[in-house]
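Everything on this sheet refers to the single structure shown next.
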There are 2 protein chains.
Amino acid sequence: MDIKTKLISAAESLFDRHGFTATGIDRLTQAAGMSSRTLYKHAGSKHSLIAKVLSERDKRFLRRLDVSSVDALFKALEDWVRVEGCRGCLFLRAYGETGGDVPEIAEVMAAHKAGVWSKIQEIIALETNGRGNEQLAEQILILFEGATATAIYRGADAVATARHCAVRLVKQASS
Amino acid sequence: MDIKTKLISAAESLFDRHGFTATGIDRLTQAAGMSSRTLYKHAGSKHSLIAKVLSERDKRFLRRLDVSSVDALFKALEDWVRVEGCRGCLFLRAYGETGGDVPEIAEVMAAHKAGVWSKIQEIIALETNGRGNEQLAEQILILFEGATATAIYRGADAVATARHCAVRLVKQASS
DNA sequence: TTCAATGTAAAACGATCACTTTACATTGTC
DNA sequence: GACAATGTAAAGTGATCGTTTTACATTGAA
């Protein structure tokens with residue numbers, strides 16, 4: 001595995017498991033199996049490393065959401081949660097830990113949310129033949145966020161509940 | 001104002017604004033206008049201070065949710081978000097920053113979520129004359145969490161959207 | 001075979017971390 | 001007027017923070 005990939009994936013799991021601020025450079029270098037000099041050569045700074053981690057996660061996440069129905073969308077989220085664990089949205093967590101004061105991080109968060117939002121809008125347009133409005137899409141988004149958050153303390157089943165609810169809303173809007 | 005109250009309220013706003021780990025003791029003592037000796041006399045430790053802050057917030061939050069309809073529940077959340085700001089659920093943020101590894105914090109989070117959950121169950125039972133099931137209540141919970149999370153980057157309007165959705169779900173279950 | 005690139009190990013940087021201690025001032029109470 | 005309680009200011013604890021530096025090994029291409 002490429003050394004930069006190894007760093008970013010080691011960092012992602014440490015950040016996810018222990019939080020961003022609480023994870024020090026020492027633990028990162030140790031987990032990635034490299035010297036701090038090499039880490040800084042590739043990452044530039046800790047904030048930049050966080051941004052890179054989020055950026056990679058964004059790609060991986062949206063690739064999983066490459067579906068064309070609300071049902072499949074929430075199935076994809078359920079898969080993600082079961083495979084990657086349910087510790088909440090890593091983007092919102094990074095944003096919260098840094099108070100929204102780190103531009104690199106705030107921007108990646110905003111870009112990620114914009115990506116999810118446009119994917120949902122696309123699916124809704126597809127499933128309702130354009131009958132679905134902006135409000136329906138936002139309801140689906142809220143269920144999506146809610147499932148992610150609720151899964152932290154109620155487990156992956158919460159995502160299934162959100163799925164049933166979302167599917168019903170779309171059905172009602174299309175009929 | 002009582003000195004302990006002052007500490008806890010100063011700590012709450014700093015934690016909310018800048019994150020838990022990123023907020024040091026120096027900043028806390030400065031904002032609360034007291035020496036570190038006094039802080040430790042009252043709080044015991046930083047983790048304990050976090051737990052106390054969350055515990056007080058839990059009381060204040062649930063007091064606001066003393067309503068008897070889903071509509072009023074989300075109106076209360078909307079008020080909260082407009083008054084206190086929308087930086088996400090502080091309990092989940094504390095839990096995430098500490099990786100769930102600090103018992104005092106994990107317990108306060110769990111207690112808070114249990115409180116919200118039973119409040120929602122109570123409202124659903126009330127509004128559906130017992131016709132509403134566990135699944136409906138969980139859908140409302142997910143909308144509640146989703147509104148809180150979505151409001152971070154889409155503002156308080158997301159809560160209004162969640163409200164309309166929740167009210168509709170309850171209506172459909174009661175008719 | 002030399003040179004630049006890329007890595008390592010480890011020490012050092014000053015700052016800040018959570019937390020404790022020492023020494024002293026102000027109170028209200030018996 | 002002695003005493004315990006409760007506060008302050010400020011220095012000191014050792015550990016850890018993010019980051020840089022020094023010194024050296026390995027490697028692949030010119």
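Because the structure is a prediction, the values reported are computed rather than measured.
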* Asked: Is the shortest side-chain N to carboxylate O distance from B/Lys75 to B/Asp79 below 4.0 Å?
  ->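 No.
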Atom-to-atom span, [atom1] of [X] to [atom2] of [N] - whole angstrom:
X: A/Asp26; N: C/dA10; atom1: CG; atom2: C1'; value: 12 Å
X: A/Ile50; N: D/dT19; atom1: CD1; atom2: C1'; value: 15 Å
X: A/Leu7; N: C/dG7; atom1: CG; atom2: C1'; value: 14 Å
X: B/Leu39; N: D/dA9; atom1: CG; atom2: C1'; value: 15 Å
X: B/Ile25; N: C/dC17; atom1: CD1; atom2: P; value: 9 Å
X: A/Leu28; N: D/dG18; atom1: CG; atom2: P; value: 8 Å
X: A/Lys46; N: D/dC17; atom1: NZ; atom2: P; value: 8 Å
X: B/Arg37; N: C/dA25; atom1: CZ; atom2: C1'; value: 13 Å

* **Nearest-nucleotide pick for A/Thr38, side chain only, options being C/dT8, C/dA18, D/dT8** =>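 Out of C/dT8, C/dA18, D/dT8, the nucleotide with an atom closest to A/Thr38's side chain is C/dT8.
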* Take atom NE2 in B/His47; do more than 12 heavy atoms of anything else shown fall under 6.0 Å from it? ->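 Check fails, neighbour count at 12 or below.
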* Tell me, yes or no, whether the heavy-atom count around B/Gln30 atom CD, taken from other residues, nucleotides or ligands under 6.0 Å, exceeds 12. => no
* Asked: Is a side-chain donor or acceptor of B/Lys171 paired with a backbone partner of B/Ala166 at a separation under 3.5 angstrom?
  -> no
Would you mind classifying the nucleic acid contact of [X] as base, sugar-phosphate or nothing, using non-hydrogen atoms under 4.0 angstrom?
X: B/Ser45; result: sugar-phosphate
X: B/Ser48; result: nothing
X: A/Gly33; result: sugar-phosphate

* Asked: Do A/Arg60's NZ or CZ and the ring of A/Trp80 fall within the cation-pi criteria of under 6.0 Å and 45°?
  ->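 No, cation not above the ring by the 6.0 Å, 45° rule.
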* **Distance-only donor-acceptor test (3.5 Å): side chain A/Ser36, base D/dT20** => yes
* To do: Considering just the side-chain nitrogens and oxygens of A/His42, establish if one lies under 4.0 Å of OP1 or OP2 belonging to C/dG7.
  =>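 For A/His42, the contact criterion (side-chain N or O under 4.0 Å from OP1 or OP2 of C/dG7) is met.
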